[in-house]
Amino acid sequence: MLKKKWATTTMAFCLAANTVLMAACGGSASTQETKGADQAAGNQEGTKTEQTGTQGQRAASDFSGRTIEIATYLSGDTLNAYKQVFADFESETGVKVTLDEYGEDYESTMKTRMASNDLPDIFETHGWSLIRYKEYLADLSREPWASQLNKAALGVIQDTDGKLYTLMTTGSCLGTAVNMNVCEKAGVDPWAIETWEDFNAACEKIKEAGFTPIANYFTSAGALANANGSWLSYEGAQFNDNEAMLNGTWDWADFKTILDYLQTWFDNGYLYADCGTIKQADAIERCARNECAFIVGIGTSYQTAVTAQNPDVVMAMIPICASQKGGARFCGIGEGASFGIWKDTKEMDVCKAFLNYVSENADGINSAAGEISTLPCQTSKSYGMGLMEEMESHYPNVLESIPNCQPLTVEMIPYRRRRV
């Protein structure tokens, strides 16, 4: 009865995932797109000297009496860090910032506002700057900060014609989060895991040691969408169907393989019995109590949240497993905290000044988000960047360090897989 209920519930979530599969923070990029990003990056470099001289002046302009509306779905420490930047910008420029915190209603609210062409002056693009929002956004490719973005960021947010529609201050790096405390107690070396067969063997040892191996939760369409991207749709996997997802020809029958993975894990006791009803906050709390070992397909903000609750927990990140020995393991890069400007705003100069100000004061945001910084760091590396560097020490080819605290390469573009 439990098995039947799990499969039925999961399929219902799968059907709900139709509009989000491999979209936000995902999707494959072609070789031609990569070349376009490289060429556009070179074009930006030529304007860097001209633009840099105006950056500070724009941020410090007097806009007293002006008001801008900003919409976000951010929450927690990252939102608080942004609120501090908002307050400082208001203090220095005289602008009044009206903040819309839409939370879980962000998607539906923004769709309604797009339909009426009545959008906030600035709004969070959350992984959709190219796929969903670009027709509503202003091109920002000639802004001062554009030439400072590392190539990993450009691979995620730059259009094939070189246009940028969002300031991406942080990038999420998708991999497998690891509770090292639990693994050590269970006698598991996570750095030795290469294939899903290795992963399942590690899960068995962790279960025998009295822990829950996998803390993945399936209460949203996005969680199941990430599962498909993580376990099936990459080089060497059973299905390489990213293109079919993008052009609308994808066969839902392929998703049955995901259900088989999940059902097997569930039957083997690798997942929590309530994995169909818990949320990320529950998974974070349980990991902070050292109850579970892995979450597959999640960004470094998860580890940040775990260690915030329990600083004694040692967390790590490993790549997504290969589907077969010698196959590809990978990490995926997606938009983290990213904001664009509505192309029809009547406050374009204020909005551009605001994004310039954010780009100059992003260190607190980087630290709070615990993700990958996409702009040069002035103070300290984020927790997420430390996790990436540790992973790089075990898998030297997965990341190649770039100066100014940017340990990412142009190959690390949206879910473009790189062999380890």
Side-chain angles (χ1 to χ4, degrees), residues 19-20 23-27 29 33 36-37 40-41 43-44 47 51 55 58-59 66-74 82 85-86 89 95 97-102 105-149 152-172 246 333-359 362 365 374-375 413-414:
T19 59
V20 298
C25 300
E33 288 172 335
N43 292 341
Q44 289 176 359
T47 62
Q51 294 167 335
Q55 186 170 355
R58 287 187 182 185
R66 309 275 287 276
T67 299
I68 57 173
E69 178 189 9
I70 301 177
T72 183
Y73 91 122
L74 289 174
Y82 256 105
V85 175
F86 296 160
F89 180 73
V95 172
V97 175
T98 300
L99 182 62
D100 301 326
E101 299 178 48
Y102 291 142
D105 296 326
Y106 190 87
E107 293 273 357
S108 58
T109 303
M110 290 302 296
K111 287 178 181 178
T112 300
R113 298 194 65 168
M114 283 190 291
S116 62
N117 198 35
D118 177 25
L119 291 164
D121 300 295
I122 296 173
F123 58 91
E124 192 174 352
T125 55
H126 63 101
W128 298 88
S129 65
L130 296 179
I131 298 175
R132 175 181 294 172
Y133 293 128
K134 75 175 183 180
E135 65 179 286
Y136 300 95
L137 293 168
D139 175 21
L140 304 172
S141 58
R142 296 186 63 83
E143 289 304 293
W145 45 263
S147 59
Q148 299 178 33
L149 292 169
L154 295 179
V156 175
I157 63 175
Q158 191 168 56
D159 213 344
T160 53
D161 58 4
K163 291 183 178 180
L164 297 173
Y165 301 98
T166 191
L167 168 60
M168 174 175 159
T169 56
T170 68
S172 60
L246 292 173
I333 297 296
E335 285 183 35
S338 305
F339 286 87
I341 301 174
W342 182 30
K343 66 180 180 61
D344 294 329
T345 179
K346 293 179 171 54
E347 303 288 354
M348 185 64 72
D349 56 341
V350 180
C351 292
K352 287 185 175 182
F354 172 75
L355 291 189
N356 289 337
Y357 189 83
V358 169
S359 73
I365 296 167
T374 58
L375 292 162
I413 57 182

(message) To the closest 0.5 Å, what do you measure between OH (Tyr73) and NE2 (His126)?
(response) 6.5 Å
(message) Please enumerate all residues that pass salt bridge (charged side-chain N to carboxylate O under 4.0 Å, His left out) together with Asp100, with sequence neighbours excluded.
(response) Arg113
(message) On a heavy-atom basis, which atom in Asn356 and which in Pro144 lie closest, and how many Å separate them?
(response) OD1-CD, 3.4 Å
(message) If the condition is salt bridge (charged side-chain N to carboxylate O under 4.0 Å, His left out), which residues does Asp349 pass it with, not counting sequence neighbours?
(response) Arg66
(message) Let me confirm one number: the CG-CG distance from Leu167 to Leu149, rounded to the nearest 0.5 Å.
(response) 6.5 Å
(message) Are Lys111 and Arg132 packed together at the side-chain level, in the sense that at least one heavy-atom pair is separated by less than 4.5 angstrom?
(response) yes
(request) Give a yes or no on whether the backbone of Ser141 and the side-chain of Asp139 come within a donor-acceptor separation of less than 3.5 Å. (result) yes
(request) Please determine, by modelled atom types, if Thr98 and Glu69 share a side-chain donor-acceptor pair under 3.5 angstrom. (result) no
(message) Is there a side-chain contact between Glu124 and Leu74 in this structure, where contact means two heavy atoms from C-beta onward sitting under 4.5 Å apart?
(response) yes
(request) Would you please name every residue forming a ring-ring contact (aromatic ring centres under 6.0 Å, His included) with Phe354, sequence neighbours left out? (result) Phe86, Phe89
(message) Whether the Thr166 and Thr125 side chains hold a donor-acceptor pair (N or O, under 3.5 Å, no angle test) is what I'd like checked.
(response) yes
(message) Tell me every residue that passes side-chain hydrogen bond (donor to acceptor under 3.5 Å, both in side chains) with Thr345, counting only those two or more places apart in sequence or in another chain.
(response) Asp121
(request) Looking only at non-hydrogen atoms, find the nearest pair between Phe339 and Ala71 and report the distance. (result) CE2-O, 3.5 Å
(request) Please name all residues satisfying ring-ring contact (aromatic ring centres under 6.0 Å, His included) with Tyr165, sequence neighbours left out, ordered by chain then number. (result) none
(request) Measure the spacing between CG of Leu164 and CG of Leu140 and express it to the nearest 0.5 Å. (result) 7.0 Å
(message) Under the side-chain contact (heavy atoms from CB on, under 4.5 Å) test against Tyr82, which residue among Leu99, Ile70, Val358 passes?
(response) Val358
(message) For the NZ atom of Lys352 and the CH2 atom of Trp145, what is their distance to the nearest 0.5 Å?
(response) 9.5 Å
(message) Restricting to ring-ring contact (aromatic ring centres under 6.0 Å, His included), what partner residues turn up for Tyr136, sequence neighbours left out?
(response) none
